[in-house]
There are 4 protein chains.
Amino acid sequence: MPVQQARARSRQQKILRAAASVISRRGYQEAGIEEIAREAETSKGGVYFHFPGKESILLALLDHTSGLVRGKVEQAIAAESDPVAKADAALRVLLRTLAKHRSLARVFAVEAAGAGPQFNARVAEIQDEFVALVREQLDAAVATGAIVPMDTAIVAQAWMGALDAVLLRYVTSRPGPGRRSLDEIHETLRATLLRSIGAPVPGAAVSVAGGSPRPTNSIETNGLERR
Amino acid sequence: MPVQQARARSRQQKILRAAASVISRRGYQEAGIEEIAREAETSKGGVYFHFPGKESILLALLDHTSGLVRGKVEQAIAAESDPVAKADAALRVLLRTLAKHRSLARVFAVEAAGAGPQFNARVAEIQDEFVALVREQLDAAVATGAIVPMDTAIVAQAWMGALDAVLLRYVTSRPGPGRRSLDEIHETLRATLLRSIGAPVPGAAVSVAGGSPRPTNSIETNGLERR
Amino acid sequence: MPVQQARARSRQQKILRAAASVISRRGYQEAGIEEIAREAETSKGGVYFHFPGKESILLALLDHTSGLVRGKVEQAIAAESDPVAKADAALRVLLRTLAKHRSLARVFAVEAAGAGPQFNARVAEIQDEFVALVREQLDAAVATGAIVPMDTAIVAQAWMGALDAVLLRYVTSRPGPGRRSLDEIHETLRATLLRSIGAPVPGAAVSVAGGSPRPTNSIETNGLERR
Amino acid sequence: MPVQQARARSRQQKILRAAASVISRRGYQEAGIEEIAREAETSKGGVYFHFPGKESILLALLDHTSGLVRGKVEQAIAAESDPVAKADAALRVLLRTLAKHRSLARVFAVEAAGAGPQFNARVAEIQDEFVALVREQLDAAVATGAIVPMDTAIVAQAWMGALDAVLLRYVTSRPGPGRRSLDEIHETLRATLLRSIGAPVPGAAVSVAGGSPRPTNSIETNGLERR
DNA sequence: GATGAATGAGACTTCATTCAT
DNA sequence: CATGAATGAAGTCTCATTCAT
């Protein structure tokens, strides 16, 4: 009966959305099934009809979301041909997508740890997938000679870590003076990461720290070490 | 009564040590006051005499530990004169110290999130302290012209994030093939981060990704010291 | 519409059989409507179409089964003319029938108690029916002078209790050394019960306790038929 | 600290008493920890501090009670020298004691089955202990030649079953016409059981079935089969 | 200061039952 | 007639915290 199945599917989505909302608001531990059910306009039993337990909700949420994000990232990578550009694209999409869904980002970056070892392991797996994605591009870039040889496993981890940290700060901080816009963050991060692998930063403009960022010379014009 | 105070202090230390042990073994949520009390050779009531609640134990543990680490980092910074070397030293000390105390690192990086918003805020504060420490050095380097101007707030965050990610991976992964040694990690990370600010990498040797890392040529674009 | 009624009846039977199977396997409390429905090749809704609730299934099962057994017992009684022989026959049939359907016996003797007061009351009623059946024969035997006057209400209860206990032990025990065969049990129980009302034990042979039962002399005080 | 331990012990007793009361009133399944706690004048957590779970309360109750009863029975047995008299004494004490504590009898005879297989197994064990006690006396009686050889394992089971059934009926029935007094029950049961093993019934007086039981001839004067 | 029995709010989960399709 | 998604009351159990001793 496709009618019931359709309803079931839609209800699952509703529960997942509600779970994301409640968890991002309250944290995983404080998020009660009751509240998730209320926000999904169903009952505790209804939630347990669709999911075997609380952890599995978060797991499903994780898979669902990471699948979506991963799809976007792979799409963005495929649209570029140059390895360095691919890596750049991957980061750009991650940054945009996660920033757009603050609550989800909070859930996975911050609140996830309370969910027990199984869940942490899963988060690590997924992060590794993204790290692997980045690393593939770095390896390709090394292979083509675009960048110098390096331990791309570590570097890819570092990239993801840098991205996470900057993003988390953006996502958790309140708007105010000193807070960078997403574009500023992207620009600075992009330049920093590309420099970190010795790649040129096309059309780069860096911002100095402090109240209002102002444009500075591009990397190319910064011939100090280049001479 | 200094005698009693000393005894109280020592008892507090014992509880903190026990808490660190239990939390790193079980995670914050699973760590029961009872078990911490048992490991500290006292009773539940004893724990509550010294700390007003469970969260405050973790908070105290956090302050105690971050204070120690901070001291080491500041000492290392003071021992260097060059801003870039200072930043480099800060990272080196963080890497060494946290790697040495895996369980504590796990506690703050992974298990902490289950402890509620107050605790997360505190962790963020402490990270910001370290970020600020790094940023000061970067700002100084910019001021001396050693590196190009940049948004050091973001870059410092990225550095810490990169360090955290790489370190966390090192701390949580099991030994095996493909696992890098702490020295290899340090070398790669150092080169990557220094490159990311356009600083020269003294005595750089990079490792290629793959089974067993092997040293390669130094970065061509960084031939200044090499010539 | 006799066709539909027949189908309904057959579906009810299927559900009853499934219920008997599941309950004897899992116990009443652990037997879920879902599992019964599955085993009856229908759905939860289907079960609730035929029965108003879980308890009513067990009640119907009880009535159905006790009706069958009662029929057999009455038939066996009718086939004898001597009151004592009638009582003897009733016990024989009960013993054989319940032993043949271990699972049902378990359901009513052991698992039933979890089903609530209404069900317990019903079990008591049914037991009373059998007790009454036995008692009638005992009263007749007293009336004909075959046995001495006695409080047959109590004695009949005692008989049923003795039968239940011995049978339950047989039904719940695993095969092994020391376990009596159904024939041995019947023989001993028959002799014991007949003696208990002062009736002669035709062709009596008693078994001694211990490893392997062996026939012994008939009861001395009952030498009437033996001489 | 004996003070706290004493309090704990007394609280355990209070919980056991409350559990017996609630279970006998509501049945095992319907007996909620909350209600038991309320009746024991403590809290849910208090109950769980003293007992690891609901089933263990019933188990403790069972052990406690069966220990008491067993002690009384053994004492009564020791006070007699003749094997048949010992068996008789055992039954008398069981009858009196269980009748005196109706609620406990109900708990073990009727409500117990809902408590799961582990509990049922334990009840069976305890019943077997009493059966073994009876059987020992029967074996001794056989050995002394007081009664004829027989399969005492079965007979002892039958005795316990008879006792249980009669007692359960007494305990669960409401007072009214036709209800036998405990003394009448004892007298009839005693005569019946002694006859069942071919033992003489000293000073026996049997009651006929029907409205008001009336005394009849003693077994000895009933020379029909005796001649 | 220390102890541990006791508290009680609240968590997750189950399942007989209902009802729209 | 049948289905199975949905309900919601009730259950067992945990654990941070309190407090009399």
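Keep in mind that this is a model prediction, so the values were computed, not measured. For the numbers below, each heavy atom of this structure counts, side chains included, while hydrogens, waters and symmetry mates do not. Letters go in sequence order (proteins before strands), and every chain restarts at 1.
- Counting to the nearest Å, the P atom of F/dT14 and the CD1 atom of B/Ile33 are 17 Å from each other.
- Here the C1' atom of nucleotide E/dT17 and the CZ atom of C/Phe51 are 16 Å apart, to the nearest Å.
- For the pair B/Lys54 and B/Tyr28, the distance from NZ or CZ to the six-membered ring centre is under 6.0 Å and the angle to the ring normal is within 45 degrees.
- Using a 4.0 Å heavy-atom distance criterion, C/Ala37 is classed as making no nucleic acid contact.
- Residue B/Glu55 contributes atom CD, which lies 16 Å from atom C1' of F/dC15 at whole-angstrom precision.
- For the atom pair OG1 (C/Thr42) and CZ (C/Phe49), the distance works out to 10.5 Å, reported to the nearest 0.5 Å.
- The nearest whole Å value for the distance from the CD atom in D/Glu35 to the C1' atom in F/dT12 is 15 Å.
- With distances taken from any side-chain atom of C/His50 to the nucleotides E/dT7, F/dA5, F/dA2, the minimum falls on F/dA2.
- When only modelled atom types and interatomic distance are considered, C/Arg25 and C/Ser21 share a side-chain donor-acceptor pair under 3.5 Å.
- Under a cut-off of 6.0 angstrom, the local environment of CD in B/Glu30 is sparse, with at most 12 non-hydrogen atoms contributed by other residues, nucleotides or ligands.
- Under the 4.5 Å side-chain criterion, counting only non-hydrogen atoms from C-beta, B/Gln12 is not in contact with B/His64.
- Within the structure, every side-chain polar atom (N or O) of C/Arg11 is placed at least 4.0 Å from both OP1 and OP2 of F/dC1.
- Of the residues in residues 40-48 of chain B, B/Thr42, B/Ser43, B/Lys44, B/Gly45, B/Gly46 come within less than 4.0 Å of DNA chain E through at least one heavy atom, sorted by number.
- The partner of E/dA11 is F/dT12, by the rule that a Watson-Crick or G-U pair needs both atom distances under 3.5 Å.
- Summarising the geometry, the separation between CD1 on B/Ile36 and C1' on E/dG4 is reported as 17 Å, rounded to the nearest angstrom.
- Across all strands shown, the partner of F/dA20 is E/dT3, judged by Watson-Crick or G-U wobble contacts whose two distances both fall under 3.5 Å.
- In this structure, the CG atom of C/Leu58 is 15 Å from the C1' atom of E/dA16, given to the nearest Å.
- Of all nucleotides listed (F/dT12, E/dA5, E/dA2), F/dT12 comes nearest to the side chain of D/Lys54.
- In this structure, B/Phe49 atom CZ and F/dC19 atom C1' are separated by 14 Å, rounded to whole Å.
- Whole-Å rounding puts the B/Ile15 CD1 to E/dT3 P distance at 10 Å.
- Of the possible donor and acceptor atoms, none in the side chain of D/Thr65 sits under 3.5 Å from a partner among the backbone N and O of D/Leu62.
- Comparing C/Glu30 and A/Glu34 by the nucleotide of DNA chain E that holds the closest heavy atom to each, the one mapping nearer the 5' end is A/Glu34.
- The NZ atom of C/Lys44 sits 10.0 Å away from the CZ atom of C/Arg38 when rounded to the nearest 0.5 Å.
- Contact annotation: D/Arg9 side-chain N/O to E/dA5 OP1/OP2 distance is not under 4.0 Å.
- Taking for each of A/Gly53 and C/Pro52 the nucleotide of DNA chain E with the nearest heavy atom, the 5'-most of the two is the partner of A/Gly53.
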